[in-house]
Amino acid sequence: MNQKLPWYLKKTSVYIFCILMPPIGYLILLINLNKFEYKERIEYLSIATIMTAIWLLKFLPETLNNIVWILIITFLIGSTIIGYYKKKK
């Protein structure tokens, strides 16, 4: 990427928008998607999608929210254990 990017499209700014204000970060990414290289697009969109999904959890009822968090934690622990055993082989 040889062109000079505005401040809101620089790596640090994109991460801050995606983590602290997911809907705004997602909107900025989608509007300026063609200004990023393919690898950057995938990286930024992945982070923005995950953070937006977590941000949207606060609008769910408390019991459903707890169930979703339990599923996320279970998935993370399971994938960590599977990764550990695959690496050991």
Side-chain angles (χ1 to χ4, degrees):
M1 193 167 4
N2 295 331
Q3 59 191 11
K4 184 162 171 56
L5 293 174
W7 67 269
Y8 57 88
L9 292 180
K10 295 194 177 175
K11 191 171 189 163
T12 307
S13 300
V14 171
Y15 281 131
I16 289 172
F17 280 125
C18 289
I19 292 173
L20 297 180
M21 301 169 278
I24 296 171
Y26 213 91
L27 189 63
I28 289 171
L29 284 175
L30 290 178
I31 291 172
N32 299 295
L33 204 55
N34 60 347
K35 294 183 182 175
F36 297 111
E37 294 176 10
Y38 178 76
K39 197 170 185 177
E40 290 176 320
R41 278 186 222 163
I42 299 300
E43 181 181 338
Y44 294 150
L45 286 175
S46 298
I47 292 169
T49 302
I50 292 168
M51 293 308 296
T52 302
I54 292 172
W55 182 79
L56 287 173
L57 284 175
K58 70 180 179 182
F59 297 110
L60 291 176
E62 187 176 342
T63 54
L64 188 58
N65 191 351
N66 291 338
I67 291 170
V68 171
W69 276 110
I70 289 169
L71 288 173
I72 291 172
I73 291 170
T74 304
F75 175 74
L76 289 174
I77 290 171
S79 63
T80 304
I81 291 171
I82 290 171
Y84 175 75
Y85 283 117
K86 281 186 176 181
K87 191 171 102 175
K88 232 180 172 181
K89 286 183 180 181

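Computed from a predicted model, the values in this text were never measured in an experiment. Starting from 1, each residue takes its place in the sequence as its number.
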**Item:** side-chain contact (heavy atoms from CB on, under 4.5 Å) involving L20 - partner list, sequence neighbours excluded
**Value:** I16

**Complete:** Taken in chain and number order and not counting sequence neighbours, the residues that satisfy side-chain contact (heavy atoms from CB on, under 4.5 Å) with L71 are I67

**Complete:** Rounded to the nearest 0.5 Å, the CG atom of L29 sits from the CD1 atom of I47 at a distance of 9.5 Å

**Message:** Within the structure provided, determine whether L5 and N32 are in side-chain contact (heavy-atom separation under 4.5 Å).
**Reply:** no

**Prompt:** Does a side-chain heavy-atom distance below 4.5 Å link L9 with F36?
**Reply:** yes

**Request:** Nearest 0.5 Å please: distance from the CD atom of E37 over to the OH atom of Y44.
**Result:** 9.5 Å

**M51 versus C18, closest heavy-atom pair with distance** = CB-O, 3.3 Å

**Fill in**
Using a 4.5 Å side-chain heavy-atom cut-off and chaining through intermediate ILVMFWY residues, the residues clustered with Y84 come out as I73, I77, I81, Y85

**Request:** Quick one: closest heavy-atom pair of I72 and L57, and the distance?
**Result:** CD1-CD1, 4.3 Å

**Message:** Holding to side-chain contact (heavy atoms from CB on, under 4.5 Å), I want the full list of residues that pass it with I42, two or more places apart in sequence or in another chain.
**Reply:** Y38, S46

**Request:** Return each pair, listed once, that meets side chain to side chain donor-acceptor pair (under 3.5 Å) where at least one residue sits in residues 5-18; pairs must be two or more places apart or across chains.
**Result:** Y15-E43

**Prompt:** Are I24 and L45 co-members of a hydrophobic cluster defined by side-chain heavy atoms under 4.5 Å apart?
**Reply:** yes

**Request:** Test side chain to side chain contact (heavy atoms under 4.5 Å, CB included) on V14 and I28 and set out the steps.
**Result:** CA-CA 8 Å; V14 171; I28 289 171; 5.6 Å; no

**Request:** Sequence neighbours left out, what pairs pass side chain to side chain donor-acceptor pair (under 3.5 Å) with at least one residue falling in residues 49-60?
**Result:** Y26-T49

**Asked** Taking C-beta and beyond as the side chain, do L64 and W69 meet within less than 4.5 Å on heavy atoms?
**Response** no

**Prompt:** When hydrophobic residues are tied together by side-chain contacts of less than 4.5 Å, even through go-betweens, does I54 share a cluster with I19?
**Reply:** no

**Request:** Output the distance between atom CG (L33) and atom CD (E40), rounded to the nearest 0.5 Å.
**Result:** 11.0 Å

